[in-house]
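Not measured: the values here are computed from a predicted model. Each chain gets a letter, A, B and so on, in the order the sequences are listed, and its residues count up from 1.
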Amino acid sequence: MLYSRALIPTVKEAPADAANASHKLLVRAGYIRKVGAGMYDFLPLGLRALRKIESIVREEMNRAGAQEILMPALLPAEYFKETGRWDVYGDTLFRLKDRKGGEFHLGPTHEEIVTDIARREIKSWRDMPMNLYQVQSKFRDEPRPRGGLLRCREFVMKDAYSFDISEEAARGSYEIMRKAYRAVFDRMGLTYRMVAADPGAIGGSTSAEFQVLADSGEDSIVACDSCDYAANVEIATVRVEGVRGASGAIEPPHVAEEEKTKVVTPKVSSIEEVSAFLALPKARFLKSLVYSANKELILAVVRGDHELNEIRLARALGVDEVFLAGEADVKKATRAAVGFAGPVGFAGRVFVDRAAAHVANAAAGANESDHHFTGLNFGRDWSGEVVDIRLAATGDLCTNCETGTLKSYRGIEAGHIFILGTRYSETMGALFADEKQEKKPIVMGCYGIGVSRLVATAIEQNHDENGMTWPMSLAPYHVHLVTLGKEENVAAEAKKLYDELRAQGVDVLWDDRDERPGVKFKDADLLGMPLRVTIGAKSLANGMIELKARKELDPKKAELIPLADAVRVLRERVGAASAP
RNA sequence: CGGGGCGUAGCGCAGCCUGGUAGCGCACCUGGUUCGGGACCAGGGAGUCGGAGGUUCAAAUCCUCUCGCCCCGACCA
């Protein structure tokens, strides 16, 4: 592509409404433009990046035996009504009516629609396994679109659905998809973790998330440093007997029991403040949180340096959800100001994390404004139902290999795979005849990849202060060719190189604009193509051109290579990424 | 939905408190000089100040309502 003819509207200043690196850079580099909240134009470069991701995904899906289909984005309400999701989905569903008043919605995901295909077309056990996928725009009226392409109301997703004759066979399909997903993420050159995940509302037994590691990610995951265990902190298991205290020792330490003592702690309520005030480490505190569960106020206690896992607390209570109590409820439950809750004398049920129960001579709120207790010991001074309700964190011992230690990471969820079971096939009557003519529900799996989100995700992981630094396999163009000056031989040699590279399957963006060198280099860094080739009159006089990798920060590290070798060298550097 | 903030030229912002001529930088157009890391000089075009109502002789500025957008939290690809 000739830059002079391309729509690449770069801007020096990031839009005021952008917070994430990827959002700022996508706008600054002219890849996308905002149309509305959570809705974006993909300009030529943005679309090329999207297409690169799509084609990797398609290739690996096809290789795994999945077949591409396309379902409508505009859907009649009847299918979602059939499974009850018309109501369950709530405000997230974009609903609309046609001219006759009929109810419709835009598809947020397609389990119902694909199950409808299955119940009409899959009749026999001989028809399976089958896997159908599509790459399509999805619509969700998110409570809060954010982060540019990271969270949109309209976004491109690859969704695949597997159909099998049994749970065991479904597990096989799931494994095939798991391998295909690994191949997809490996080929994209992203650093990611496959983590155990909460199956969540979609239900089902087995699920894994593909989390691309990025400090700006919204998800917290933990991974073992010695085995391949990795999990979303929401479901990560914690090895209780090996809890490390703040001192590094295994709790409980063998120390003499202290007396329970009430101390005055005027206006210091947070763990940080009280910890400083009493000169006790945070691990000696009992973090006491009032939660509301089915209108009952309960107290959840974790060690002061730990975080509560709300999902586990809800499970321990046997409810769907728990809510951190508001100020009024806290006052009602503790009869004290917020910040002085504690398990001693708490009026309701108390759930205590095992690690908190192990703390010797602990400190906790006294359920009395401006007062705390010290010297508390579980069983002697306080009690509660002991459960595992804390989040895993850096330093915890791995439950899988029993030798490694967990480390926390931030991640962006880019893919999610599930075994769905028969939830949709049973309610929608997607049955098949087995060898004995018996009708059985099809066992399904579903597999998503956030394609447009990956454009942003890739940038979150691949950028520096000057712009994007695309991995070869995702870059809109492999080579950014910069010509300097107006000499005719420069343009002539550049044209030859440009044509030859393109003939060899190398994607080249040639900056042929009449701009000063600084402008061209700044734009090249911003756009982030992995290889930059510069042709100027000086080096060309010696038959040389300049080659620089975008990820090489030092401009002096550019290498001079003979023009005669340029095609071969570049073809090698681009490598297999552009091979068909 | 709860909390915070912002809507003034294509983009980034000032002006608003204390009403009275709408301004700066970038971008854009014309001419000239420049040309290996976002050049310089001269000239120029461009804004119903998000919208509606109100107060006032007078509203970007004060008041009310409304729409849109962003950020922080609970959900998800």
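Rounded to a whole angstrom, the distance from the P atom of B:rC62 to that of B:rC69 is 24 Å. The same atom, P, is picked in B:rA14 and in B:rG25; the two are 16 Å apart, to the nearest Å. B:rA22 sits 23 Å from B:rU18 when the P atoms are compared, rounded to a whole Å. Taking atom C1' on both nucleotides, B:rG15 is separated from B:rC49 by 11 Å, rounded to a whole Å. One P atom belongs to B:rG5, the other to B:rA9, and the distance between them is 23 Å to the nearest Å. Distance noted for atom P between B:rU48 and B:rC11: 13 Å (whole Å). Distance check on atom P: B:rG54 versus B:rG45 gives 36 Å, rounded to whole Å. Comparing the C1' positions of B:rU56 and B:rG20 gives a spacing of 12 Å, expressed to the nearest Å.
Figure legend. B:rG19 is base-paired to no nucleotide; pairs are counted as Watson-Crick or G-U wobble with both atom distances under 3.5 Å. Remark: B:rA60 base-pairs with no nucleotide; criterion is Watson-Crick or G-U wobble with both hydrogen-bond distances under 3.5 Å. Nucleotide B:rA14 forms a pair with no other nucleotide shown, judged by Watson-Crick or G-U wobble geometry with both contacts under 3.5 Å. When both pairing distances are held under 3.5 Å, B:rC65 makes a Watson-Crick or G-U pair with B:rG51. Look at B:rG73: its Watson-Crick or wobble partner, with both distances under 3.5 angstrom, is B:rC1. The partner of B:rU30 is B:rA42, judged by Watson-Crick or G-U wobble contacts that both fall below 3.5 Å.
Atom P of nucleotide B:rC11 and atom NZ of A:Lys24 are separated by 18 Å, given to the nearest angstrom. When rounded to the nearest whole Å, the span between CZ of A:Arg85 and C1' of B:rC76 equals 13 Å. The CG atom of A:Leu106 sits 17 Å away from the C1' atom of B:rA77 (whole-angstrom rounding). Going from atom CZ of A:Phe155 over to atom C1' of B:rC76 covers 8 Å, rounded to whole Å. Regarding A:Glu13, its CD atom lies at a distance of 12 Å from the C1' atom of B:rG10, rounded to whole Å. As a whole-Å value, the separation of A:Lys486 NZ from B:rU34 P is 10 Å. Atom-to-atom, OH of A:Tyr291 to C1' of B:rA74 comes out at 11 Å; the value is rounded to the nearest Å. Regarding A:Lys158, its NZ atom lies at a distance of 12 Å from the P atom of B:rA77, rounded to whole Å.
Evaluated for a side chain to side chain contact (heavy atoms under 4.5 Å, CB included) with A:Pro108, the options A:Arg85, A:Arg140, A:Glu142, A:Met157 yield exactly one hit, A:Arg140.
Salt bridge annotation for A:Asp17-A:Lys34: present, with a cationic side-chain nitrogen under 4.0 angstrom from a carboxylate oxygen. Salt bridge status for A:Arg312 with A:Asp388: absent, with no side-chain N to carboxylate O gap under 4.0 Å.
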Next on the checklist: Using a 4.0 Å heavy-atom cut-off to protein, can you give one letter per nucleotide of nucleotides 36-45 of chain B, 5' to 3': B if the base is in contact, S if only the sugar-phosphate is, - if neither?
Outcome noted: BBBB------
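Judged as a ring pair (Phe, Tyr, Trp, His ring centres under 6.0 Å), not a single pair has a partner in residues 138-161 of chain A (not counting sequence neighbours).
Residue A:Gly485 is classed as having no contact, given no heavy-atom separation below 4.0 Å to the nucleic acid. Note on A:Asp219: a base of the nucleic acid sits closer than 4.0 angstrom, heavy atoms only. Within 4.0 Å (heavy atoms only), A:Glu142 reaches at least one base atom of the nucleic acid. Counting any heavy atom pair closer than 4.0 Å across all strands shown, A:Pro108 reaches no nucleic acid atom.
Residue whose closest nucleotide on RNA chain B sits further toward the 5' end, between A:Asp514 and A:Val156: A:Asp514.
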Next on the checklist: Walk me through whether A:Glu552 and A:Lys548 qualify under salt bridge (charged side-chain N to carboxylate O under 4.0 Å, His left out).
Outcome noted: CA-CA 7 Å; A:Glu552 173 54 61; A:Lys548 179 178 166 299; over 6 Å; no
Item to check | Candidate pair A:Glu218 and A:Arg410, rule salt bridge (charged side-chain N to carboxylate O under 4.0 Å, His left out), full reasoning | outcome: CA-CA 7 Å; A:Glu218 295 178 339; A:Arg410 302 295 291 179; over 6 Å; no
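The ring-ring contact (aromatic ring centres under 6.0 Å, His included) check on A:Phe210 picks up A:Tyr181, A:Phe185, with sequence neighbours excluded. Applying the side chain to side chain donor-acceptor pair (under 3.5 Å) criterion to A:Glu175, with sequence neighbours excluded, gives A:Arg178.
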Protein and nucleotides 68-73 of chain B: nitrogen or oxygen contacts under 3.5 angstrom:
unit_1	atom_1	unit_2	atom_2	d
B:rC69	OP1	A:Ala37	N	3.1
B:rC69	O3'	A:Lys34	NZ	3.1
B:rC69	O2'	A:Lys34	NZ	3.4
B:rC70	O3'	A:Asp17	O	3.1
B:rC72	OP2	A:Arg144	NH1	3.2
B:rC72	OP2	A:Arg144	NH2	2.6
B:rC72	N4	A:Arg144	NE	3.3

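Side-chain contact check for A:Tyr31 and A:Arg48: no donor-acceptor pair (N or O, by modelled atom type) lies under 3.5 Å. Donor-acceptor pairing under 3.5 Å is recorded for the side chains of A:Asn232 and A:Glu209.
At a cut-off of 3.5 angstrom, the base of B:rC11 holds no donor-acceptor pair with the side chain of A:Arg33.
Because its glycosidic torsion is within 90° of 0, B:rU21 is reported here as syn.
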Let me have the donor-acceptor pairs involving side chains of residues 521-532 of chain A, under 3.5 Å, with sequence neighbours excluded, atom names and distances please.
unit_1	atom_1	unit_2	atom_2	d
A:Asp523	OD1	A:Thr10	OG1	3.2
A:Asp523	OD2	A:Arg513	NH1	3.4
A:Asp523	OD2	A:Arg513	NH2	3.0

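The aromatic rings of A:Phe80 and A:Tyr89 lie tilted to each other, with the angle between the two planes from 30° to 60°.
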